[in-house]
There are 4 protein chains.
Amino acid sequence: MHRSELNAYYQRVRRLSENICRPLALEDCVPQPIADISPPKWHLGHTSWFYEAVFLDERIPGYTFFNPHYKFVLNSYYDSFGARIERPLRGTLSRPTVKEIFTYRAYIDEQMTQLIEDVEEAGWADFAHLLVLALNHEQQHQELLVTDLKYILACNPEKPAYRQDLAIGKSAKPIELSDRFVDFAGGLQQIGWQGTGFAYDNEGPPHQAYTAPYLLHNRLVSNGEYLEFIRDGAYRDFRHWLEDGWKAINDEGWQAPLYWIENEGEYCEFTLGGLRPLDLQAPVTHISYYEAEAFAQWAGKRLPTEIEWEMAAQQVGADPADGCFFDDDRLHPGPPGAAQGGLHQLMGDVWEWTGSAYLPYPGYRRIAGPLGEYNGKFMINQMVLRGGSCATSRDHIRPTYRNFFKTDKRWQFTGIRLAEDLS
Amino acid sequence: MHRSELNAYYQRVRRLSENICRPLALEDCVPQPIADISPPKWHLGHTSWFYEAVFLDERIPGYTFFNPHYKFVLNSYYDSFGARIERPLRGTLSRPTVKEIFTYRAYIDEQMTQLIEDVEEAGWADFAHLLVLALNHEQQHQELLVTDLKYILACNPEKPAYRQDLAIGKSAKPIELSDRFVDFAGGLQQIGWQGTGFAYDNEGPPHQAYTAPYLLHNRLVSNGEYLEFIRDGAYRDFRHWLEDGWKAINDEGWQAPLYWIENEGEYCEFTLGGLRPLDLQAPVTHISYYEAEAFAQWAGKRLPTEIEWEMAAQQVGADPADGCFFDDDRLHPGPPGAAQGGLHQLMGDVWEWTGSAYLPYPGYRRIAGPLGEYNGKFMINQMVLRGGSCATSRDHIRPTYRNFFKTDKRWQFTGIRLAEDLS
Amino acid sequence: MHRSELNAYYQRVRRLSENICRPLALEDCVPQPIADISPPKWHLGHTSWFYEAVFLDERIPGYTFFNPHYKFVLNSYYDSFGARIERPLRGTLSRPTVKEIFTYRAYIDEQMTQLIEDVEEAGWADFAHLLVLALNHEQQHQELLVTDLKYILACNPEKPAYRQDLAIGKSAKPIELSDRFVDFAGGLQQIGWQGTGFAYDNEGPPHQAYTAPYLLHNRLVSNGEYLEFIRDGAYRDFRHWLEDGWKAINDEGWQAPLYWIENEGEYCEFTLGGLRPLDLQAPVTHISYYEAEAFAQWAGKRLPTEIEWEMAAQQVGADPADGCFFDDDRLHPGPPGAAQGGLHQLMGDVWEWTGSAYLPYPGYRRIAGPLGEYNGKFMINQMVLRGGSCATSRDHIRPTYRNFFKTDKRWQFTGIRLAEDLS
Amino acid sequence: MHRSELNAYYQRVRRLSENICRPLALEDCVPQPIADISPPKWHLGHTSWFYEAVFLDERIPGYTFFNPHYKFVLNSYYDSFGARIERPLRGTLSRPTVKEIFTYRAYIDEQMTQLIEDVEEAGWADFAHLLVLALNHEQQHQELLVTDLKYILACNPEKPAYRQDLAIGKSAKPIELSDRFVDFAGGLQQIGWQGTGFAYDNEGPPHQAYTAPYLLHNRLVSNGEYLEFIRDGAYRDFRHWLEDGWKAINDEGWQAPLYWIENEGEYCEFTLGGLRPLDLQAPVTHISYYEAEAFAQWAGKRLPTEIEWEMAAQQVGADPADGCFFDDDRLHPGPPGAAQGGLHQLMGDVWEWTGSAYLPYPGYRRIAGPLGEYNGKFMINQMVLRGGSCATSRDHIRPTYRNFFKTDKRWQFTGIRLAEDLS
């Protein structure tokens, strides 16, 4: 990537983070209602600190940190970068203020812009690769910004909309679906990233993987179908659930997906555009792995493995261009549009829970140094999700992309695609 | 009290709450770092809701609440007024925004001003009494505003000052103290409120109380003396402590008063004017009952009972005019000035922990209705404090005033005056 | 006390502790279902360790502890005697076995018997006083043994009786009660222990105390009356409760006294003689301070202060001989018998919650040394109870005796006597 | 299996459970120091209730449960069989006593013996299969009995031995090991159970699985090697650890495997034969998945997948006959003996943590009815272990056997075998 191109990419990503926060009240930028959620201003700060720790401090001799306290309050989980505030305390910090963080961002941008110009040619490729990673890091936080601010807004009994002008519900009438399962041959194939562009270390190395023939549902599970599951006693019948899931729904009192609100048997749903009547044709979202797995059990199906998902994506030529992403300014999953290779919405709309644990691919080794903490240390007790969501940037996603969350998390745009053995 | 007088009082109290928040960043108005602390914007809202629930809704036929959600989010602990947000969740609310709360305050002020005009003569006395109580309620929240915002600011590693222009440290050279214990005869005397002005129900009924002769220290325990206690091993020697206190200091890792920061044996203290070197002559403050009691044990003395305190206050003619209060714009206890009846700083500077449990006076009955929840239901597991602090409004305090906190609380301006038996 | 007399007293107390455990299965001696409860075998061991730590190790030159681990596992809360197992872990210990503890007890008895003989005349008085204290200590644990084993047995869904042959329910027909309040003059009188026999340090020093004239109910509140309170919505109406109490009943889900079991509106009660239909005339027991206070509120009365209780006891000449105690082998409160000075059951049956906080009497100083930890360090956040219970030994109680428990505790034989102002 | 044969198997298994408990004091049979551990008497009861619920109640018309309370207190996790005591409360139950449980066992044995005789020929095969499963269930609890009683004994500061006569340390001098990695071809092979004898449902269905060529260490990681890891700073260096693991070791304060005790740099180990100096040549055991994974990272290797493990087991003809199991009466892992196919101790001694998550095999479906709760509902958030341990019965294990535990569990006999990619 050329300097000017990279610089443009840098500027574009940086502006987007800020633009995401503009519709918010300053007060929305501060709370941390649960430990999973970070205050929006923290995201804006952390994504700036990242460049300071990874680039400026490493590459500018005698560099002085903009503010020594920021190292402590804006470090997320990098033990390599020293002591840091405990995660659940992020919401106790009233300072730096949003304005101070914007000042900090401007300072970092100035320094980084200069650095992009100054890096010597010999080190350019490495630098560029690392910077692209850092920009992808910021893109991940953009998705978290969207999901975290949704959670924060939803805590308010008033349920304020993030924006009134989102494209939710403006989608054309959904295509008449032939409701069917598409078969895939499986077999021994290569999966994992092997291109020349950027991918995370956890997407590789590319390797042979095997799976028996299988079927994938041509579309995502809809709100209407999930509602049927609820009305069939979903949350009251232990037989559908994994033990940990049954405990979770009872401990937490879950009776529906995260943002559904029931009133005398009718449901509405909190979206970033405010409360809306439940769209029965749209994909169900904001569900835990437990709920995805239980739905599949109830339906007599199962979740696909990540190998199955990726082989299918290869076969149908899955392309981010075909899905609904952050760029489409809807910020909510919608009813299916046109299919690719028989599959609707394989990319975008909702992250699809797979039945695969997030573990290293064969041959994977953690990178040495701080960035070794980026992906590798989380490879336990999480499940893989694939395909990106309506809150993911289109240029951030790939068919090999492995997202991962703990099994009880519901605040991401998560959903379900069913699979079946081909017997 | 005349209408115009009461109206002026109303306006004065209302403006003060707002003025307290003006030096804050908007972001400082949102967090709730621990359950004891409320976000400043919550205080501003709650003190407005109080008039709506107690006056407007009761006295204006067909009154509609300004915003139905505010009843839920701004009710503190009044079961009489229905369901409410759980206390530890106040900091999860980003809305109403500070601006919305100011709009709400303006609306309430308009309504209340009208109501003060409209109340019929026949009901005026009752109305006026109730409104004075409500204004005292807001004054209590003003003190909490000060102590809560101090806590919030202190959570920030930067330790930002609330205001740079406070009168801390500008006090004249302290009077040369003859360090002595003043004797009081005790005996059977009447205590409790019996005047014609306003007092809380918990200050009465007036009744005979008895105490043996006793001595009170002529001044408050200083930072210098408390430091001596620390250096003598205070926090490491179980023998000084009540069992619950020893548990608290070990569970919480306390090694000094709340806002002291130690660096290589030297201490500084976070004040509302920012970090300052510890003023050894100023009264120690921000200590729990456990620490007050342990200090007294160590010093071979004891805390006074509230009866002893109040009888002494009667005898010396304790007068709010003589102490340092919120109105003095210092917001931090300072070295002693002139004595009254031999006692320095009996009123103001710091709340003095007494050795008396907060229990009803003989003959006390809870008021019927919502305001019965104001004081009576808290009469358990708390200790009484007397005298007011540098964060109390001068016109809010009286020698009969009974403040109360749980034994492990440290975020108020609390301090120590020693007592002794006259043997 | 003569040596032979003290020795006889020693042997009597020691045998009683063992006899209390004899009806138990070995398995009953092990569990600690909640932190408040200690395993019966721990009580048997701890009361033996106490002599070892306080007498044998202090007075026998070169004394070697019977088993060095016992110092760790059998110390209760004496920081003076070094590190010890955390209280909630007592039930994790399967060893020493009951048999090993009996062996230990026999060893301690042998040593102590010898010591009683060997102490030089010059030190006899001090020794005897200390030993009487130690025997009173063991007597306190005998009461705890009874209440703890009751709790342990009640945890079993089978609700096994401790003994089938208890005198519960065998009491004669209760005296026809004239239900009345007896008036007392109050005034300035001396309270606190001042005799020549044994009393705990917290019962003194004797001092003048004042109270206004008052009335005491001539009997205890009965199960029937408490049931009326329940049926009037006691546990659902916040207005009766202290704030902490309302929280406790909701957090814990309390709907009746501790051992009441409701079945379709009918109640039975777990007693040490097994499950029994609720005896409506017997005193209500196993209630927290919150429940006692709420009942009094509901009844339009209040709890007596400990001063009122003790002055009344003086006036009526309260005598342990008149009450129902452990020695009566009933182990459950029964209906009232004959009155003393107009008051039924002032001594015995149930500990009566007073409205007084457990705080030091004027002039009280903690004893130096380990026994300073016996009473003084608990003087906070507890309420005083008076009169002893059906699980207290008759020779252990006095009218000046101050028992104390935290406000949420229910596993002791606690009850209610109402008081009223004489207006 | 013939009736007489099955009956003999039944009797053998039943006697063994009882014999495991015989060396215990009655008191050892009661505590539940942590929720993972069950009291030994509970295991004895639960394994009896299982026959009552699954056989007697299903097959004997009008069958009455031996004791209706036992259904409540002895059900482990079968929602199909109704309400039950919460797991962490098992240790609060003093009843049924050990003796009562033995009586219950005798009753169940009588009924089951009769039932084995009475079952009609037509239903024999199904019955026999189910009974073999039930006996395997009891065998699993036998292993838990051993590991749970070890934990209970270790809670006692005296560290009492379970038995003095165990064969620990009596093993012959270990074979001189050529320390090497054995290579395996991998490829596409069938794994999973497909024989005619008994296997759990989670071991099937048999299916094709693929893995690249790989290496397995010819032996287990030894205490000596693990000690080297510790001395290299293992527990203080975040770089070795998964994020969840780093949190666990810090939260729990782990500094060595579960039963190691350090004293001035020297380690001893609590075994069922009591405290012993650490045997540096024996396999390390009682480690969590986190520790196994961190050790492998530190050593520059990795854990094998369960596919790799099972393919290797097939290739070397792994046979329970070759390992050290419960039957060998050592109850502690020992140094390696002879190798099978180049691999020492593949079966027995310690369960080997694999790098595979416990998830359903392709084509797996939960069984309908209560036994569907046996394995399937636990297939989340656990890792697979293979090979059995010194506490597993030899006739209970197979190379296809999939054991599973959460990643922080350490009380089983768990250990490490390293793997490596063949590059």
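All of these numbers come straight from a predicted model, not from anything done at the bench. Protein chains get the first letters and strands the later ones, always in sequence-line order, with residue 1 at the start of each.
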Contact summary for Pro31(C) and Gly91(D), nearest pair of heavy atoms: CB-O, 3.5 Å
Glu18(C), CD atom: more than 12 neighbouring heavy atoms under 6.0 Å: yes
Heavy-atom proximity to chain C below 4.5 Å, by part of Tyr70(D): side chain
CZ (Arg236(D)) with more than 12 external heavy atoms under 6.0 Å: no
Top contributor to chain D contacts, counting heavy-atom pairs under 4.5 Å, from Leu93(C), Asp28(C), Val73(C), Leu24(C): Asp28(C)
Distance-minimising heavy-atom pair for Arg95(C) and Pro160(D): NH1-CB, 3.6 Å
Exercise: identify the closest heavy-atom pair between Lys99(D) and Glu27(C): N-OE2, 4.3 Å
Approximate separation, where rounding is to 0.5 Å, of Leu89(C) CG and Cys155(D) SG: 8.0 Å
Over 12 non-hydrogen atoms of neighbours within 6.0 angstrom of CD in Glu262(C): yes
Residue, of Thr92(C), Asn156(C), Asn67(C), that accumulates the most heavy atom pairs under 4.5 Å with chain D: Asn156(C)
